[in-house]
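Contents: one structure, followed by commentary.
Per chain, numbering begins at 1; letters A, B, ... match sequence-line order. Heavy-atom basis, side chains included; hydrogens, waters and symmetry copies ignored. Note that the coordinates shown come from a computational prediction; the quantities given were computed from them, not determined experimentally.
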Number of protein chains: 2
Amino acid sequence: MDIKTLCLGVLTQGDASGYDIKKHFECVFSHFYVAGFGSIYPALTELTREGLVTCREEPQPNRAGRKVYALTPAGREAFEKSLIATPPRHRIRSEFFVLLHFAHLLPVARLRAVLDERLGDITRTVHELQRVMNECTGGECALHPAQRFEVELALVTTKAHRDYIASHRAALLQQVETAQPERFRA
Amino acid sequence: MDIKTLCLGVLTQGDASGYDIKKHFECVFSHFYVAGFGSIYPALTELTREGLVTCREEPQPNRAGRKVYALTPAGREAFEKSLIATPPRHRIRSEFFVLLHFAHLLPVARLRAVLDERLGDITRTVHELQRVMNECTGGECALHPAQRFEVELALVTTKAHRDYIASHRAALLQQVETAQPERFRA
DNA sequence: GACAACATGTAATAGGTTACATGATTTA
DNA sequence: TAAATCATGTAACCTATTACATGTTGTC
């Protein structure tokens with residue numbers, strides 16, 4: 001699934017500017033997709049050209065005008081069709097796992113830093129997911145049942161990942177330290 | 001990290017042909033990286049041109065000759081340097097999560113199929129990881145401590161993912177079924 | 001007789017990332 | 001006064017995917 005389709009998806013939840021969509025990617029989508037301005041803005045231009053979204057300019061006082069995009073009926077239809085046709089793939093691209101796989105070629109100090117950095121990242125992800133759950137549990141921005149399922153699934157998976165690293169980190173470092181030659185202690 | 005660097009990594013574990021490297025990606029690396037022939041063969045050609053690997057042709061009886069690649073000292077050094085400089089990122093790109101997020105726009109039957117397909121995929125992944133663990137626990141192809149850590153981490157994470165889906169699947173489908181309008185029952 | 005596995009490669013295309021370019025307002 | 005947030009966009013580059021192209025051997 002490409003960024004264009006994902007932008008249509010965001011717009012099913014309400015009109016938004018490119019900047020708003022980027023924030024949506026950072027908050028709600030961050031645990032399963034990444035996209036930067038460099039892909040979002042061209043995507044919106046292209047979608048407008050194709051008639052799947054419309055663009056209105058909202059001038060703001062003391063500020064550059066925002067371009068607010070809205071889904072057209074054709075856009076909604078295209079998104080729904082695309083959704084139904086999308087196979088449920090789930091791919092991981094992880095330099096972290098690469099580093100673990102070749103850790104015997106890495107100084108112990110670097111391995112320790114790698115584990116700590118990963119632990120920091122994943123802790124941030126857990127907080128973000130919990131924030132989404134809490135914010136949307138009561139009030140106005142209710143989650144659909146499947147969205148609740150989605151966030152909880154991400155949460156249990158991420159926590160399992162974090163807990164394994166946290167509880168086996170020390171043992172791994174000790175094992176590697178005793179096994180590796182002198183030059184790698186640095 | 002690009003495919004070229006990963007090919008160097010595979011070659012630190014012994015000489016191999018492009019075909020061998022592809023198999024390695026499918027078996028050992030499949031849970032954190034994907035690569036096809038279309039990226040592996042050009043990568044090997046380029047690495048040869050750069051002097052990071054050498055290529056010898058091994059003619060086989062009644063069969064097309066294999067091109068076996070070997071790491072040069074420069075290649076090993078380049079890989080180790082690249083390894084130390086690589087930040088431990090871990091990204092997920094998941095159409096499965098996208099489908100969950102927009103499940104309210106999907107027919108229930110399709111959602112059911114999506115969950116089942118995902119469950120099938122993840123079960124295959126678990127089997128593959130368990131195979132790696134078992135094959136390499138005793139005998140000659142021993143895993144390094146960090147590789148054991150790597151596979152076990154992938155295993156606990158993947159199992160947590162699978163178990164959540166398996167135990168909440170039915171409840172989700174029921175909830176969605178009662179909530180969705182008539183036209184989506186199909 | 002068909003299909004899977006072995007074995008290598010190219011070319012066109014799609015797709016995204018990074019860096020560049022700009023500038024106002026709000027918060028610490 | 002420095003940094004973060006708001007706000008949009010382009011261009012060059014890099015990388016990978018897909019489809020194409022070919023042929024043998026072993027297995028069901």
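In this structure, CD1 of A:I21 is placed 11 Å from P of D:dG9, rounded to the nearest angstrom. Atom pair B:E46:CD and D:dC14:P shows a separation of 11 Å (rounding to whole Å applied). Atom CD1 in B:I3 sits roughly 7 Å away from atom C1' in D:dA16 (whole-Å rounding). Atoms CG (B:D20) and P (C:dC6) sit 9 Å apart, rounded to a whole Å. For the pair B:F37 CZ and C:dT8 C1', the computed distance is 8 Å after rounding to whole Å. Regarding A:E58, its CD atom lies at a distance of 14 Å from the C1' atom of D:dC6, rounded to whole Å. In this structure, the OH atom of B:Y41 is 17 Å from the P atom of D:dT22, given to the nearest Å. Summarising the geometry, the separation between CZ on B:R91 and C1' on D:dA16 is reported as 13 Å, rounded to the nearest angstrom.
Within 4.0 Å (heavy atoms only), A:Y69 reaches sugar-phosphate atoms of the nucleic acid but no base atom. Residue contacts for A:T45: at a heavy-atom cut-off of 4.0 Å it reaches no nucleic acid atom on any strand shown.
The listed nucleotides are D:dA16, C:dT8, D:dT8; the one nearest the side chain of B:K67 is C:dT8. Considering only side-chain atoms of A:D2, the nucleotide from C:dG15, C:dT8, D:dG9 that sits closest is C:dG15. Taking the side chain of B:K23 as heavy atoms from C-beta on, and the options D:dG9, C:dC6, D:dT10, the nearest nucleotide is C:dC6. Among the nucleotides C:dT8, C:dG16, D:dG9, the one closest to any side-chain atom of B:R93 is C:dG16. Comparing C:dA7, C:dT17, D:dG9 by their nearest atom to the side chain of B:Y19 picks out C:dA7. The side chain of A:V34 lies closest to C:dT17 when the candidates are C:dT10, C:dT17, C:dG15.
Note on B:S39: every side-chain N or O is 4.0 Å or more away from OP1 and OP2 of D:dT15.
For A:V68 and B:A35, each mapped to the nucleotide of DNA chain D holding its nearest heavy atom, the one lying further toward the 5' end belongs to A:V68. Along DNA chain C, the nucleotide nearest to A:G38 and the one nearest to B:G18 differ in position, and the one closer to the 5' end is contacted by B:G18.
Interatomic distance, A:L105 CG to B:F79 CZ, rounded to the nearest 0.5 Å: 6.0 Å. To the nearest 0.5 Å, the span separating CD on A:Q130 from NE2 on A:H127 amounts to 7.0 Å.
Ring centroids of A:F29 and B:F97 are separated by 6.0 Å or more, keeping the two rings apart. Aromatic ring centroids of B:H101 and A:H144 lie 6.0 Å or more apart.
Residues B:R93 and A:M1 are not in side-chain contact: their nearest non-hydrogen atoms beyond the backbone lie 4.5 Å or more apart.
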